[in-house]
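Working notes for the structure below.
Values reported hereafter were calculated over all heavy atoms of this structure, with side chains retained and with hydrogens, waters and symmetry mates removed. Quick note on labels: first sequence line is chain A, next is B, and so on, each numbered from 1.
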Amino acid sequence: MSAKVVTITSGKGGVGKTTTTANLAVALAQQEQRVVCIDGDIGLRNLDVILGLENRIVYDLVDVIEGRCRLKQAMIRDKRLPELYLIPAAQTRDKSAVSPSDMVRLCDELRNEVDWILVDSPAGIERGFKNALAPADIVLVVTNPEISAVRDADRIVGLIEAEEKGPAKLILNRVNSSLTKRGDMISAEDVLELLAIDLIGIIPEDENVVVASNRGQPVTLSEKAKAGQAFRNIARRLLGEEVPYMNLDEKGGLFDRLSRMIKSGGD
Amino acid sequence: MSNQNQSEIQIKGIREGLLVTVSDGKWEDIQNSLLLQIQEKEKFFKGAKLALEVGIREMHAAELGVLRDRLADRDIGLWAVLSSSPVTEQNAQVLGLATKVSTPKAERKIKTPDNTIPGENAVFINRTVRSGFKVLSHEHIVVMGDVNPGGEIIAGGSIIIWGKCRGLVHAGADGDETAVICALELAPMHLRIANYFATSPKGKGKPQPELAKVVNGQVVAETWKLKAR
């Protein structure tokens with residue numbers, strides 16, 4: 001079976017692309033999938049830190065592309081899971097060290113080795129984003145329920161459509177249901193209505209995520225955290241399962257309405 | 001001789017079959033010439049329904065009868081004789097032939113009916129105009145989809161948005177103050193008609209279709225109502 005290339009992007013920085021990539025990779029690997037993640041953020045690498053693999057980097061993406069090592073040598077295996085690998089970004093180079101066709105070639109080489117290739121896109125709409133988008137079969141757009149993040153996500157969705165990589169799927173990250181309820185945060189409905197793309201997951205605001213990321217232990221590795229459960233649900237949806245949306249609000253309401261809305265076709 | 005006669009016979013296909021138009025001249029010659037042509041293109045004529053147009057020529061019933069029989073011998077049905085001569089018409093009727101057919105002469109003219117409105121050109125955008133995308137045209141612009149914040153629509157004419165308008169819209173960009181902007185939900189970041197501009201008021205009530213236009217040097221938005229224009 002040939003692997004699917006999933007690119008995780010957002011436009012705006014700091015919305016949780018890298019965290020999402022790391023956690024989805026863990027969640028897919030927990031489902032006994034063979035997963036490799038590629039850090040596309042050359043010069044500002046983070047994925048290795050969040051996965052806790054920083055101290056094991058010998059070769060990186062640019063080394064592979066420039067032929068200084070074999071692909072297998074740059075794939076760092078995560079020992080906590082059966083088949084999870086990371087190809088880290090180079091820290092001493094910049095985005096121009098890689099071209100979109102390099103990424104396509106690299107992913108094509110990996111396709112027969114694994115089931116999923118997750119590409120973590122850097123923020124922005126420049127070279128790094130284009131590199132990450134080029135090999136994609138599926139594009140996941142991560143956004144927060146904040147006006148600036150949604151605005152950037154809209155631009156990114158437009159660019160993805162223009163590259164004919166769409167329709168992208170949406171991950172709404174850091175949703176705080178009590179803030180939304182008080183009307184201090186845009187509701188998930190409003191975001192979906194504006195972006196008009198399919199939702200694949202809602203991640204609740206969860207302080208465990210920050211703690212886990214700092215420790216290099218993605219939150220999905222923990223059984224209890226709500227955010228981890230949300231990532232596992234997304235992984236199952238990627239695998240084609242129908243998973244109901246979590247009830248993040250103790251009293252129901254928003255997410256009930258939202259999941260009904262999604263079932264009825266998105267609007 | 002034969003060639004000259006042939007030129008006196010025109011054969012056209014019409015809806016009802018074939019229409020043979022003959023000119024003046026000795027009937028005997030014309031008939032022979034016609035039969036000769038038929039013989040030359042036997043396959044083409046076989047089984048045909050034939051209408052004969054003779055113009056002002058006066059023809060006797062006997063002449064028509066002979067022609068009909070000769071044609072029948074060749075498996076061709078003479079069913080109509082068209083003539084402006086009342087005598088010929090009458091004689092044809094006696095033989096049970098039709099005297100009217102929708103001839104190509106009475107071609108239906110495709111004239112523009114008075115009830116079509118000429119209309120003006122417009123650009124049609126069948127998608128959502130997202131942030132960072134721009135539609136530019138000197139004509140009118142019709143968008144079937146939303147115009148999101150950060151999206152821009154700039155038209156020389158009017159702008160119609162079948163969706164929500166939340167981006168930047170500029171109608172009458174070439175200076176046309178009669179241009180209008182309408183949308184199912186009109187909440188643009190920035191709206192301009194010709195050189196007049198407006199922003200949408202905050203905290204509006206229930207979204208409804210609205211139309212913005214320039215009245216006395218000010219942009220006004222009103223609820224969309226159907227009215228004669």
Side-chain angles (χ1 to χ4, degrees), chain A residues 9-13 15 121 123-130 133 139-170 172 182-184 186-199 261 265-267, chain B residues 123-137 141-155 159-170 181-192 197 199-210 212 221 224:
Chain A
T9 186
S10 72
K12 186 179 178 295
V15 295
S121 156
I125 54 173
E126 293 84 18
R127 181 66 171 267
F129 163 69
K130 290 191 173 120
L133 190 62
V139 186
L140 303 181
V141 174
V142 183
T143 191
N144 297 156
E146 289 165 25
I147 291 194
S148 57
V150 173
R151 194 69 52 86
D152 288 1
D154 186 45
R155 176 106 175 88
I156 285 289
V157 170
L159 291 171
I160 292 163
E161 283 171 2
E163 292 282 328
E164 295 180 347
K165 292 286 188 181
K169 288 188 172 6
L170 183 72
L172 196 54
R182 293 210 310 263
D184 292 335
I186 344 172
S187 72
E189 284 106 323
D190 287 346
V191 175
L192 277 177
E193 197 228 277
L194 184 98
L195 295 180
I197 56 172
D198 287 345
L199 184 72
M261 200 169 94
D267 59 274
Chain B
V123 169
F124 179 62
I125 309 291
N126 186 13
R127 60 183 297 172
T128 295
V129 179
R130 297 184 183 273
S131 176
F133 290 84
K134 196 179 203 175
V135 184
L136 263 173
S137 169
I141 296 177
V142 179
V143 179
M144 206 164 90
D146 296 344
V147 178
N148 283 354
E152 294 181 19
I153 308 285
I154 297 167
I159 299 171
I160 317 289
I161 299 164
W162 187 257
K164 298 180 193 78
C165 171
R166 288 182 283 204
L168 183 155
V169 280
H170 188 180
I181 297 171
C182 50
L184 294 185
E185 185 183 330
L186 193 60
M189 284 203 295
H190 185 119
L191 180 151
R192 276 179 83 170
F197 88 104
T199 50
S200 51
K202 296 265 178 200
K204 290 202 301 184
K206 193 168 158 264
Q208 54 189 354
E210 281 184 301
W224 171 256

A:Lys165 atom NZ: more than 12 heavy-atom contacts under 6.0 Å:
yes
A quick test of your reading: do over 12 heavy atoms of other residues, nucleotides or ligands sit less than 6.0 Å from NZ of A:Lys130?
no
For A:Ile156, is it the side chain, the backbone, both, or neither that has a heavy atom closer than 4.5 Å to a heavy atom of chain B?
neither
Looking at B:Ser131, is its backbone amide N or carbonyl O close enough to the side chain of A:Asp154 to form a donor-acceptor pair, meaning the two atoms are under 3.5 Å apart?
yes
Would you confirm whether B:Asp146, through its side chain, and A:Leu194, through its main-chain N or O, come within 3.5 Å as a donor-acceptor pair?
no
Over 12 foreign heavy atoms within 6.0 Å of CG, B:Leu136
yes
Grab the two heavy atoms, one from B:Arg130 and one from A:Ile197, that are nearest each other, plus how far apart they are.
NH2-CG2, 3.9 Å
